[in-house]
Amino acid sequence: MKSFHLSTALVLGACQVTLALWPIPRSLQTGSTIVKLSSGFDIQLSGINHAPDDLSDAIERTKSHLQNDKLQRLIVGRGAADSAKVKSAPSINKLTLSLNSGAGQAKSIFEEATKDIGTRSEGYSLSIPGDGKTATISANSTLGLLRGLTTFEQLFYDDGTGTSYTYQAPVTIQNDSPAYPWRGLMLDTARNYFSVKDIKRTLDGMSSVKMSQFHWHIVDSQSFPLIVPEFPELAQTGAYSSGEVYSPSDVQDIVTYAGQRGIDVLVEVDTPGHTSIIAHSHPEHIACFEASPWTSFANEPPAGQLRLASNKTVSFSASLISAIAKKLPSKLFSTGGDEINQNCYTQDAQTQADLAASGKTFEQALDSFTQATHAELKKLGKTPVVWEEMALEHKVTLANNTIVQVWISSQNALAVVNKGLRIVHAPSDYFYLDCGHGGWVGKNVNGNSWCDPFKTWQKAYSFNPQQDIPASSSQLVYGGQQLLWVEQSDPSNLDSIIWPRAASSAEVFWTGTTGPDGSPLDVGTALPRLHDLRYRLKQRGINAIALQPHWCALRPGACDL
């Protein structure tokens, strides 16, 4: 057995091959022996007497993937290149899953995945012998077992005749665990609507690369598709149509589906900005509703913000956030706080009157508004999540446990950390999936997107989570996420705009900046593995876009500069 170096290609027969795990484990040893799964291959539990239902379901999904992926290796000749050796290869009859001693009673994957950020146990160890004996996965939690199953699936290919095999045995992974707990993807479902089916397919892709956090930007100025039983009028007047809504059962379905796949769902209700749509049912709470020209009152149309200086609006906002957050299992909830337009409030007579009556400045009113909404989250045991402006541009008092998402520029991360606040990297200069597709506003013949250029997977992959962060504050970096704002996206291009690009950060925040051999992560050696992931996602019904011509994918390195 030998340690596998990311810069090393194995040679099997006359075919160059490349290790195809994503994200690459932080600990890894491989060989070059072919072993196959027997026709009676099974996955069994060892020492777990009462398996949670979602662990049993995860096992069945893995067995289905092993049987139905039918992915042949990305080499010239595909599976036929290995078929002769596969016939005579030793067979693995069984994969056993076990919890390490001291792990205690097996909790559901859902329970483990929705624990407070930073307390989740995702590590696992995996062994595939080269002689056909039993393969094993062990972990401290069912969530760790799920992560191990995800790795196991990626090791196997089809030889073209229906036999699943790996060419890298023996495989040993010891205590592979994520460098950061937050490995996420944000989806905006307000500018354009996405069905439950679309979201579940996205969650499947996220789980396949061990992402842990789905940030659901569920409402915005353009639409309010979320049905809140305590405030039914919001969706009745704010959804694009009665068929483009998320009912409480829809939300529960998505949250459960995600949790069973190792993903926590962070819901965001952006306040006080990005709330114009609320005026259709509650005009008394919205300042500068659809004011013109919109460029003077908002970052995009329609203009309109919550009247943050009004006691009635503060009470309404706090009650709304509480009504939504109390039904969600996540310990996290986002109140947003980005792109607040002060001119909107300056021009709003009601807000100016409320400020005068209270004797508060705009900043003091914003602080009071935020304190009120965050107090509701604290009552529910939730941790508030905000955009970076709350920490850097406004005089808002934030609790020490607040998580700040840095989005305007990666260079702003240090300023947030210097305030002692936890951060999640979400910078537009690395992780915005919507950039580079041209401008979406009308009557602008030469318009480009504000965050040009297009953010390639290579750009995202080059990100260093600890860049400029002092070692004494490194623990404040909780991870990062890709983001898709959907002004120019809907179900027709959802898969292709996310995948496989979003997987780049999944590896950055799982593996860190160095591979299992200690060498820096490198786009050259990553590309063949990302090709492999893309083809596997396609086999599973996710319409991931091609990275290169098929000819290049079959010949690692042949299309490098």
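Contact between S212 and E122 at its shortest, heavy atoms only, is CB-OE1, 4.3 Å. The two residues P232 and P229 come nearest to each other via the heavy atoms CD-O, 3.2 Å. The nearest pair of heavy atoms linking T189 to P225 is O-CG, 3.8 Å. When all heavy atoms of T511 and P23 are compared, the closest pair comes out as OG1-CB, 3.8 Å. The minimum heavy-atom distance linking L547 with P500 is given by the pair CD2-CG, 3.7 Å. Contact detail for T335 and L377: the closest heavy-atom pair is CG2-CD1, 3.9 Å.
By the side chain to side chain donor-acceptor pair (under 3.5 Å) test, S322 pairs with no residue at all, sequence neighbours left out.
Between T513 and N464, the side chains place no donor N or O within less than 3.5 Å of an acceptor N or O (distance only, hydrogens not considered). Between the side chains of Q342 and T346, no donor N or O sits under 3.5 Å from an acceptor N or O. For the residue pair D348 and Q352, no side-chain donor N or O sits within less than 3.5 Å of a side-chain acceptor on the partner. Using modelled atom types and a 3.5 Å distance limit, the side chains of Q222 and E300 yield a donor-acceptor pair. R422 and Y478 share a donor-acceptor pair across their side chains, judged by distance under 3.5 Å alone. Side-chain contact of D429 with S410: a donor-acceptor pair under 3.5 Å is present, judged by distance alone.
Using a distance-only test at 3.5 Å, with no hydrogens or angles considered, no donor-acceptor pair links the side chain of T114 to the main chain of D264. Looking at Y193, its side chain does come within 3.5 Å of a backbone N or O of V245 through a donor-acceptor pair. Proximity of a side-chain donor or acceptor of T256 to a complementary backbone N or O of D253 within less than 3.5 Å is not detected. A side-chain donor-acceptor contact under 3.5 Å links S207 to the backbone of R261. Checking side-chain atoms of K115 against main-chain N and O of E111 turns up no donor-acceptor pair under 3.5 Å. Under a 3.5 Å cut-off, the side chain of Q481 and the backbone N or O of V424 do not form any donor-acceptor pair. A donor-acceptor contact shorter than 3.5 Å links the side chain of T237 to the backbone of E233. Side-chain atoms of S428 come within 3.5 Å of backbone N or O of I408 as a donor-acceptor pair. Here the side chain of R183 pairs no donor or acceptor atom with the backbone of W510 at under 3.5 angstrom. Judged by distance alone, with hydrogens and angles left aside, the side-chain atoms of D54 form a donor-acceptor pair with the main-chain N or O of I109 at under 3.5 Å.
For CG of N418, the number of neighbouring non-hydrogen atoms (other residues, nucleotides, ligands) closer than 6.0 Å is greater than 12. Shown here is K200, whose NZ atom has more than 12 heavy atoms of other residues, nucleotides or ligands within 6.0 Å. At most 12 heavy atoms of other shown residues, nucleotides or ligands fall within 6.0 angstrom of atom NZ in K107. Other residues, nucleotides and ligands place no more than 12 heavy atoms under 6.0 Å from the CG atom of N400. Within a 6.0 Å radius of CG in N493, more than 12 heavy atoms belonging to other residues, nucleotides or ligands are found.
For the atom pair K382 NZ and K326 NZ, the distance stands at 11.5 Å (nearest 0.5 Å). Separating the CD atom in E363 from the NE2 atom in H394 is a distance of 6.0 Å, to the nearest 0.5 Å. To the nearest 0.5 angstrom, W499 atom CH2 is 10.5 Å from L530 atom CG. A distance of 12.0 Å separates CD of Q236 from CZ of F224, quoted to the nearest 0.5 Å. Atom CE of residue M211 and atom OG of residue S505 lie 4.5 Å apart, to the nearest 0.5 angstrom. Note that OG of S108 is 8.0 Å distant from CD of Q260, once rounded to the nearest 0.5 Å.
Using a 30° and 60° split on the angle between ring planes, W450 and W407 fall in the perpendicular class, above 60°. A perpendicular orientation is assigned to the rings of Y180 and F509, their planes being inclined by more than 60° (bins at 30° and 60°). Taking the six-membered ring where tryptophan is involved, the planes of F316 and H285 are essentially parallel, since the angle between them stays under 30° and well short of 60°. Below 30°, between 30° and 60°, or above 60°: for Y345 and F362 the angle between ring planes is between 30° and 60°, a tilted geometry. Ring geometry for W216 against Y246 counts as perpendicular: the plane angle is over 60°, on a 0 to 90° scale with 30° as the lower cut.
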Please evaluate residues S195 and D198 with respect to the criterion side-chain hydrogen bond (donor to acceptor under 3.5 Å, both in side chains), reporting the C-alpha separation (whole Å), side-chain torsions for both, the decisive distance (0.1 Å), and the verdict. CA-CA 5 Å; S195 70; D198 295 322; 3.0 Å; yes
Begin with the C-alpha distance, continue with both residues' side-chain angles, and end with the deciding distance and a verdict on salt bridge (Lys or Arg N to Asp or Glu O under 4.0 Å) for K395 and D367. CA-CA 7 Å; K395 297 177 182 179; D367 185 41; over 6 Å; no
Begin from the C-alpha positions of Q466 and V477 and carry the test side-chain contact (heavy atoms from CB on, under 4.5 Å) through to its verdict. CA-CA 8 Å; Q466 296 292 340; V477 180; 3.7 Å; yes
Chi angles and distances behind the side-chain contact (heavy atoms from CB on, under 4.5 Å) call for L355, Q364: CA-CA 9 Å; L355 288 173; Q364 290 171 333; over 6 Å; no
Test side-chain hydrogen bond (donor to acceptor under 3.5 Å, both in side chains) on S56 and D53 and set out the steps. CA-CA 5 Å; S56 298; D53 289 344; 5.4 Å; no
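At a threshold of 4.5 Å between non-hydrogen side-chain atoms, the residues I117 and Q213 count as touching. Side chains of F289 and H280 form a contact here, defined as non-hydrogen atoms less than 4.5 Å apart. Side-chain atoms of V269 and S334, non-hydrogen and from C-beta on, never get closer than 4.5 Å to each other. Within the 4.5 Å cutoff, no side-chain heavy atoms of Y124 are placed close to those of L145. Side-chain atoms of D452 and S449, non-hydrogen and from C-beta on, do get closer than 4.5 Å to each other. Side-chain atoms of H215 and Q405, non-hydrogen and from C-beta on, do get closer than 4.5 Å to each other. Residues S489 and N192 form no side-chain contact, since every pair of their non-hydrogen atoms from C-beta on lies 4.5 Å or further apart. Side-chain contact between L521 and I24: present, with at least one pair of heavy atoms (C-beta onward) separated by less than 4.5 Å.
Checked for salt-bridge contact, E112 and R147 miss the test: no charged N lies under 4.0 Å from a carboxylate O.
Of the listed residues (R201, K538, K197), just one forms a salt bridge (charged side-chain N to carboxylate O under 4.0 Å, His left out) with D495, and that residue is R201. Here the rule is ring pair (Phe, Tyr, Trp, His ring centres under 6.0 Å) with H217, and of W485, F194, W387 only W485 fits it. The side chain to side chain contact (heavy atoms under 4.5 Å, CB included) with S310 is formed by just one residue from the set T313, V314, L308, L306; it is T313.
Geometric assessment of K455 against the ring of Y430 yields a negative cation-pi assignment under the 6.0 Å and 45° thresholds.
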